[in-house]
Amino acid sequence: MKNAAACRFFQHPFLSAVLSLLAALSFSACERSGKVTSLEEKTIFTLGYGNFENQLNIFDLTTVSDVDTSLVMRNGFFYILNGESRKIMEMNNFGDLIVYYYNPEFNPRSSYLDQKSSRETTMKAVEYGFNELSAITVDSSQKLYAVDTLPLDRQEQDEKKQLVLSQIVLRFDGKGNFIDYIGQQGPGGTPFPYIQGIYSNNANELIVVCYLSSSYTVYWFSSSGYLLYQLPIAKDGVPNPLKDEGLDSFSTITAIIPDYTSRTLYLAVDYYKSYVDEAIRLQSGVDYDSSRVYPLSVEDGRYGEPIEVLSASGELTDGFSGEQYSIPFDFLGVTESGWLFFIVSTAKGFEIQMIQGDGQRILRRDLDIDRTKLLYYNFDLSNSGILSALLVKDAQAEVVWWRTDSLIQSVINN
């Protein structure tokens, strides 16, 4: 998912010093009642940098730019979209290529096309003219969906909404064969406006979340690719309990992610309230207040009861004094068993917050990662609850995971 359940971060080497300074300022991960233990990280495989099939070509470290590289793990297979090289790699948990999709204008001819060995039965190279890849998802039948941007001469204008319609969703079957592309109405339809994320559920339905200037639009497609629902979501239309209390406040939708087992969307919302300077009795800023996740039925457009999300707390010290402040977690996604996952940066690396769908159980664990050594990272949460990440470092990129699914299962069994 920029993909959804994905967090991304880009850091040039000179920013390492900034991260070290922040850690030295006694940034506290969160207000804890008791110790938060760390999850064990396992490296699955590593990737070198370059233009060959099993290498990443991320970015030029001498320039600042967006990174369109992301990771999806589904049924033990890893799918890495490398937008900078206009290619997608499907790999097993040993790091072996299974299917390699690439634009031959920007990559050397795949050696797999020329091999005459038994390896041909397990590897496949697929040439396709990708233009500007930005997100992927994979369903349970191993059908691959990839967001691509059309060339300028194929883009359309929505004059009424003042939108550029420039993106489509490409479909490939489990063997790497191109099927068609999905637009707003389904196969071959009108291009989408900017796609914030794409997802697939356990029914192999495709969900496309588009970001507009003042709203979102969610397109929900059947497993065959035809439009089932089109749901507009106004940015200021979500419930706001602070306004109900008469407080001057506003809300921000930070993520919209679908459920795996029902036609439900989860909207992560952060709330802010105005800060009044008592000395002059005038509004002088805004303070973060709280976060909630609202389930939204796609079929009738109704919001369910919100799920409260605990915030993290930080402290910046200056001499002998310190200032406490609250920090919102980022919403990573939801598992098919109904656990919601959140993440926040800490001095130790990251902290994960896992909340059972009914809010009855909350687990918090640390991920001990030295962020000063990261150039870029991208997280993915699988439907079964395994947390994976692509960690880009100086010498190589690492694909790692944490068995959060086993942790949740042990909690349920106890």
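Residue numbers start at 1 and run along the sequence shown.
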Discussion item. Please report the interatomic distance NZ(Lys87) to CG(Leu81), rounded to the nearest 0.5 Å.
Written reply: 11.0 Å

Fill in: Lys348 and Asp368 ion-paired at < 4.0 Å
yes

Discussion item. Does Leu391 form a side-chain contact (heavy atoms from CB on, under 4.5 Å) with Leu374? I'd like the steps, not just the answer.
Written reply: CA-CA 7 Å; Leu391 306 179; Leu374 295 182; 3.9 Å; yes

Discussion item. For Pro191, is there any backbone N or O sitting under 3.5 Å from a side-chain donor or acceptor partner on Gln184?
Written reply: yes

Item to complete: Fit a plane to each ring of Tyr219 and Phe221, take the angle between them on a 0 to 90° scale, and name the class: parallel (under 30°), tilted (30 to 60°) or perpendicular (over 60°).
Response: parallel

Worksheet item: Side chains of Tyr211 and Lys235: is there a donor and an acceptor less than 3.5 Å apart?
Response: yes

Worksheet item: Given Val99 and Leu97, is the side-chain contact (heavy atoms from CB on, under 4.5 Å) satisfied, shown in steps?
Response: CA-CA 6 Å; Val99 184; Leu97 267 174; over 6 Å; no

Discussion item. Tell me which one of Glu299, Gln230, Glu205 satisfies side chain to side chain contact (heavy atoms under 4.5 Å, CB included) with Trp220.
Written reply: Glu205

Worksheet item: Do Lys124 and Glu90 meet the salt-bridge criterion of a basic N to acidic O distance under 4.0 Å?
Response: no

Worksheet item: Between Glu156 and Thr190, is there a donor-acceptor pair closer than 3.5 Å when you use the side chain of the first and the backbone of the second?
Response: no

Fill in: Ring-ring centroid check Phe379 Tyr377, cutoff 6.0 Å
yes

Worksheet entry | Pair Thr37-Arg365, side-chain donor/acceptor within less than 3.5 Å | yes

Worksheet item: Just checking, is any N or O donor in the side chain of Asn51 or Asn57 under 3.5 Å from an acceptor N or O on the other one?
Response: yes

Worksheet item: Any sub-3.5 Å donor-acceptor pair from Asn92's side-chain atoms to Asp96's backbone N or O?
Response: yes

Discussion item. For the backbone of Asn103 and the side chain of Asn107, can you confirm whether one donor and one acceptor N or O come within less than 3.5 Å of each other?
Written reply: yes

Discussion item. Could you measure the distance from the CG atom of Leu56 to the OG atom of Ser85? Nearest 0.5 Å is fine.
Written reply: 8.0 Å

Practice prompt. Compute whether any side-chain donor of one residue and acceptor of the other, for Ser297 and Asp300, lie under 3.5 angstrom apart.
Written response: yes

Worksheet, complete the sentence: Checking Leu381, Thr404, Ile386 against Thr335 for side chain to side chain contact (heavy atoms under 4.5 Å, CB included), the one that qualifies is Leu381

Worksheet item: Below 6.0 angstrom between ring centroids: does that apply to Phe342 and Phe331?
Response: yes

Worksheet entry | Test side-chain contact (heavy atoms from CB on, under 4.5 Å) applied to Leu363 and Leu407, step by step | CA-CA 9 Å; Leu363 305 176; Leu407 170 65; 4.1 Å; yes

Worksheet item: Can any side-chain N or O of Gln55 pair as donor or acceptor with the backbone N or O of Leu47 at less than 3.5 Å?
Response: no

Discussion item. For the residue pair Asp148 / Gln167, report whether a side-chain donor-acceptor contact shorter than 3.5 Å exists.
Written reply: no

Item to complete: Compute whether any side-chain donor of one residue and acceptor of the other, for Asp405 and Ser384, lie under 3.5 angstrom apart.
Response: no

Discussion item. If you count heavy atoms of other groups shown closer than 6.0 angstrom to CZ of Phe178, is the number above 12?
Written reply: yes

Practice prompt. For Asp380 and Met73, indicate whether the former's side chain and the latter's backbone hold a donor-acceptor pair under 3.5 Å.
Written response: yes

Worksheet entry | Heavy-atom pair with the smallest gap, counting every atom of Ala389 and Leu71 | C-CD2, 3.6 Å

Worksheet item: Is there a donor in the side chain of Ser274 and an acceptor in the side chain of Asp248, or the other way round, less than 3.5 Å apart?
Response: yes

Worksheet item: Taking atom CZ of Phe341 and atom CZ of Phe329, what is their separation to the nearest 0.5 Å?
Response: 12.5 Å

Discussion item. Under a 3.5 Å distance rule, please check whether Glu84 uses its side chain to pair with a backbone N or O of Asp68 as donor and acceptor.
Written reply: yes

Fill in: Under 3.5 Å donor-acceptor, Arg292 side chain and Leu267 backbone
no

Fill in: Test item: Gln356 side-chain N/O and Gly338 main-chain N/O as donor-acceptor pair under 3.5 Å
no

Worksheet, complete the sentence: So NZ of Lys143 and OG1 of Thr137: to nearest 0.5 Å the spacing works out to 12.0 Å

Worksheet item: Is it the case that more than 12 heavy atoms not belonging to Lys273 sit under 6.0 Å from its NZ atom?
Response: no

Worksheet item: Ion pair present between Arg171 and Asp180, side-chain N to carboxylate O less than 4.0 angstrom?
Response: yes

Discussion item. Between Phe78 and Phe45, is the ring centroid distance below 6.0 Å?
Written reply: yes

Discussion item. Using a 6.0 Å cut-off, check whether atom CZ of Phe106 has over 12 heavy atoms from anything other than its own residue.
Written reply: yes

Worksheet item: Are side-chain N/O atoms of Tyr49 and Gln396 paired as donor and acceptor at under 3.5 Å?
Response: no

Item to complete: Consider only side-chain N and O atoms of Ser70 and Asn378, and report whether a donor and an acceptor are under 3.5 Å apart.
Response: no

Worksheet item: Is it the case that more than 12 heavy atoms not belonging to Glu40 sit under 6.0 Å from its CD atom?
Response: no

Practice prompt. Identify the heavy atoms of Arg364 and Ala312 that sit nearest to each other, and give their distance.
Written response: NH2-CA, 4.3 Å

Practice prompt. Please determine, by modelled atom types, if Asn204 and Ser140 share a side-chain donor-acceptor pair under 3.5 angstrom.
Written response: yes

Worksheet item: Minimum heavy-atom separation for Asn131 to Pro151, with atom names?
Response: ND2-N, 3.8 Å

Worksheet item: Arg302 and Leu296: side-chain contact (heavy atoms from CB on, under 4.5 Å), yes or no, with the steps?
Response: CA-CA 6 Å; Arg302 294 183 179 181; Leu296 173 62; 5.7 Å; no

Discussion item. Are Phe172 and Tyr101, when compared by the centres of their aromatic rings, separated by less than 6.0 Å?
Written reply: yes

Fill in: Side-chain (Asp259) to main-chain (Leu265) donor-acceptor, under 3.5 angstrom
no

Fill in: 4.5 Å side-chain heavy-atom contact, Ile195 and Val169
yes

